[in-house]
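Each remark here refers to the structure printed beneath this line.
Because the structure is a prediction, the values reported are computed rather than measured. In what follows, chains are A, B, ... by sequence order, proteins preceding strands, each numbered from 1.
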Amino acid sequence: MQFQLQHTDPKSNARAGQITTDHGEILTPIFMPVGTLGSVKAVHQHELRDDIKAQIILGNTYHLYLRPGIQIIEEAGGLHKFNGWGRPILTDSGGFQVFSLSGQRKLKEEGAHFRSHVDGSKHLFTPENVVDIQRSIGADIMMAFDECTPGTADYQYAKQSMELTHRWLERGIARFRETEPKYGYSQTFFPIVQGCTYPDLRRQSAEFISSQNAEGNAIGGLAVGEPAEKMYEMIEVVNEILPKDKPRYLMGVGTPQNILEAIERGVDMFDCVMPTRNGRNGMLFTWNGTLNMRNEKWKNDFSPIDEAGTSIVDTAYTKAYLRHLCVTDEFLALQIASIHNLAFYLDLVTQARQHIIAGDFSSWKQSVIEQLGKRI
RNA sequence: GGGCAGUUACCAGAGUGGCCAAAUGGGGUUGACUGUAACUCAACUGGCGUACGCCUUCGGUGGUUCGAAUCCAUCACUGCCCA
């Protein structure tokens with residue numbers, strides 16, 4: 001993987017760049033749709049590619065390991081062949097599941113002992129086997145196995161958690177270096193900054209992560225219960241330290257406003273379930289704000305879903321029709337909302353990139369951000 | 001014409017003397033959702049009020065009772081059975 005920094009906004013830390021992988025190029029800043037089980041829920045691969053114009057998608061180590069299982073993915077020849085997505089894939093390590101499935105896991109020095117949420121069976125994830133699994137999945141970008149510290153953790157817990165993540169990182173990198181890709185294209189490995197909402201821990205973590213000299217770096221443990229202002233502050237603290245010539249990936253974030261704020265602070269890559277999950281639950285993101293498609297007020301609104309939208313669904317269907325589909329639980333509602341929201345998120349980062357290149361990112365961001373948070 | 005069963009909120013349907021503005025579903029309205037255990041979850045859903053509460057409801061009418069969705073009488077309507 002290579003990263004080329006192309007432009008930097010004169011008035012902020014916003015950057016435009018290009019990541020090159022064996023599965024293609026990625027223009028940053030970029031939003032990566034989440035496809036946990038090897039599928040971006042309710043969206044076809046051709047829609048992702050041709051309509052939404054996704055450049056890279058996510059998969060999840062924990063979920064794919066449980067189902068269909070690593071053997072099946074290896075037999076398929078890797079996840080790209082299995083799911084028919086020819087562009088880059090990034091896999092999360094399962095670190096987030098350490099956080100979100102906290103009721104069914106036990107953390108030890110060796111790794112995380114899990115109970116499967118599917119059948120209750122016992123499993124152990126270690127920094128090493130999580131690298132092995134991601135080798136088998138064949139992700140272009142693999143993530144280190146970390147503990148995603150809750151945003152409400154106290155200092156003592158956050159420090160110990162961060163230190164565990166650091167020790168795990170050294171083991172993960174060692175395994176990464178002593179193993180080879182399985183499918184003939186190269187893979188890279190991103191470490192993850194933790195440290196909760198404590199600036200000194202974040203600095204310490206960012207320095208440790210930077211010293212590992214990976215091809216890209218991630219910021220984790222944000223948007224997990226802390227106020228947005230804290231998150232922005234942590235991004236600033238961390239990005240002062242993370243190398244400028246490597247892509248920076250803010251994991252799991254977030255709202256359109258979150259993304260613009262983070263781009264302004266020097267983040268290049270994002271992923272979030274919000275456009276797909278909230279879309280499935282009837283919420284649409286637009287340049288004018290968010291709307292709940294189940295609301296009664298759209299009942300007889302026969303205007304297009306989003307006149308400013310870039311996706312074919314935006315003008316092909318009316319709000320009244322989409323509301324009808326949402327209210328009657330039609331599958332098409334999930335598809336339309338997911339496609340619209342993902343296309344909007346990709347449009348958001350594409351426009352951000354254009355304004356960074358044009359040199360007016362900050363004023364542009366200022367002019368759109370308030371509107372994005374409105375409720376239509 | 002005779003017999004039996006029934007009529008409860010938007011719908012279905014519990015409740016058969018006070019704990020009932022009335023269970024539970026569905027439907028409806030409004031929220032929530034940030035590295036996806038999520039086509040999920042929460043609140044509200046007779047009226048007025050933030051709330052304590054007050055008012056009007058269980059086919060109609062009239063009774064019994066301190067008190068009725070619940071008991072009695074009668075009328076109306078619905079379903080099934082016999083003529």
Need the pair for [N]. Rule: Watson-Crick or G-U wobble, both distances under 3.5 Å, any strand; none if unpaired.
N: B/A68; value: none
N: B/A23; value: none
N: B/U40; value: B/A32
N: B/G6; value: B/C77
N: B/G17; value: none
N: B/A83; value: none
N: B/C54; value: B/G47

Which listed nucleotide ([options]) is nearest to the side chain of [X]?
X: A/Arg280; options: B/G35, B/U34, B/A38; value: B/A38
X: A/Leu101; options: B/U34, B/A37, B/G35; value: B/A37
X: A/Asn258; options: B/U34, B/G35, B/C39; value: B/U34
X: A/Val273; options: B/C39, B/G35, B/A37; value: B/G35
X: A/Met251; options: B/U30, B/C39, B/G35; value: B/G35

Polar pair under 3.5 Å, donor/acceptor by atom type, side chain [X], base [N]:
X: A/Arg375; N: B/G31; result: no
X: A/Ser100; N: B/U36; result: no
X: A/Asn281; N: B/C33; result: yes
X: A/Gln97; N: B/A37; result: no

### Message
Would you say that A/Ile219 contacts A/Asn239 through its side chain, given a criterion of any heavy-atom pair below 4.5 Å between the two side chains?
### Response
yes
### Message
So A/Tyr317 and A/His340, do their side chains get closer than 4.5 Å, heavy atoms only?
### Response
no
Expressed as a whole number of Å, how far does the [atom1] atom of [N] sit from that of [M]?
N: B/A22; M: B/A51; atom1: P; value: 14 Å
N: B/G67; M: B/A12; atom1: P; value: 33 Å
N: B/G6; M: B/U70; atom1: P; value: 14 Å
N: B/C44; M: B/A5; atom1: P; value: 40 Å
N: B/G18; M: B/A68; atom1: P; value: 11 Å
N: B/C77; M: B/U8; atom1: C1'; value: 16 Å
N: B/G13; M: B/A69; atom1: C1'; value: 14 Å
N: B/G26; M: B/A9; atom1: C1'; value: 14 Å

### Task
Find which nucleotide of RNA chain B each of A/Arg323 and A/Thr276 is nearest to by heavy atoms, and output the residue with the more 5' nucleotide.
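Between the two, 5'-proximity favours A/Arg323.
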### Query
Want to settle it: does A/Asp146 or A/Asp329 sit nearer the 5' end of RNA chain B, counting the closest nucleotide to each?
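It is A/Asp146, whose closest nucleotide lies nearer the 5' terminus.
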Have a look at [X] and say if it touches a base, only the backbone sugar-phosphate, or nothing, with a 4.0 Å heavy-atom cut-off.
X: A/Phe331; answer: base
X: A/Ser116; answer: nothing
X: A/Gln194; answer: base
X: A/Arg105; answer: nothing
X: A/Ile192; answer: base
X: A/Val327; answer: sugar-phosphate
X: A/Gly221; answer: base
X: A/Asn295; answer: sugar-phosphate
X: A/Asn60; answer: sugar-phosphate

Between [atom2] on [N] and [atom1] on [X], what's the gap in Å once rounded to a whole number?
X: A/Phe96; N: B/U34; atom1: CZ; atom2: P; value: 7 Å
X: A/Glu330; N: B/C39; atom1: CD; atom2: P; value: 16 Å
X: A/Glu229; N: B/U34; atom1: CD; atom2: P; value: 19 Å
X: A/Asn292; N: B/C41; atom1: CG; atom2: P; value: 16 Å
X: A/Leu37; N: B/A38; atom1: CG; atom2: P; value: 8 Å
X: A/Trp298; N: B/G28; atom1: CH2; atom2: C1'; value: 19 Å

Indicate the ring-plane relationship of [X] and [Y], choosing parallel, tilted or perpendicular according to the 30° and 60° boundaries.
X: A/Phe189; Y: A/Phe176; result: parallel
X: A/His23; Y: A/His80; result: parallel
X: A/Phe125; Y: A/Phe145; result: perpendicular
X: A/His166; Y: A/Phe208; result: parallel

Would you list the protein and nucleotides 44-47 of chain B atom pairs, both N or O, that sit under 3.5 Å from each other?
none

Please tabulate, for the side chains in residues 29-50 of chain A, all donor-acceptor contacts under 3.5 angstrom to protein atoms that are two or more places apart in sequence or on a different chain.
unit_1, atom_1, unit_2, atom_2, d
A/Gln45, NE2, A/Asn83, O, 2.5
A/Glu47, OE1, A/His44, N, 2.8

### Message
Measuring to OP1 and OP2 of B/U34, would you say a side-chain N or O of A/Arg277 lies under 4.0 angstrom away?
### Response
yes
### Task
Give a yes or no on this: more than 12 heavy atoms of other residues, nucleotides or ligands lie within 6.0 Å of atom NZ of A/Lys81.
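Counting neighbours around NZ of A/Lys81, 12 or fewer heavy atoms of other residues, nucleotides or ligands fall under 6.0 Å, so no.
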### Message
Could you tell me if A/Glu264 and A/Ser12 have a donor-acceptor pair between their side chains, going purely by distance under 3.5 Å?
### Response
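A/Glu264 and A/Ser12 do not have a side-chain donor-acceptor pair below 3.5 Å.
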### Task
Say whether A/Thr286 and A/Asn288, considering side chains only, have a donor N or O and an acceptor N or O under 3.5 Å apart.
no
### Query
Less than 4.0 Å between a side-chain N and a carboxylate O, is that true for A/Lys365 and A/Glu261?
yes
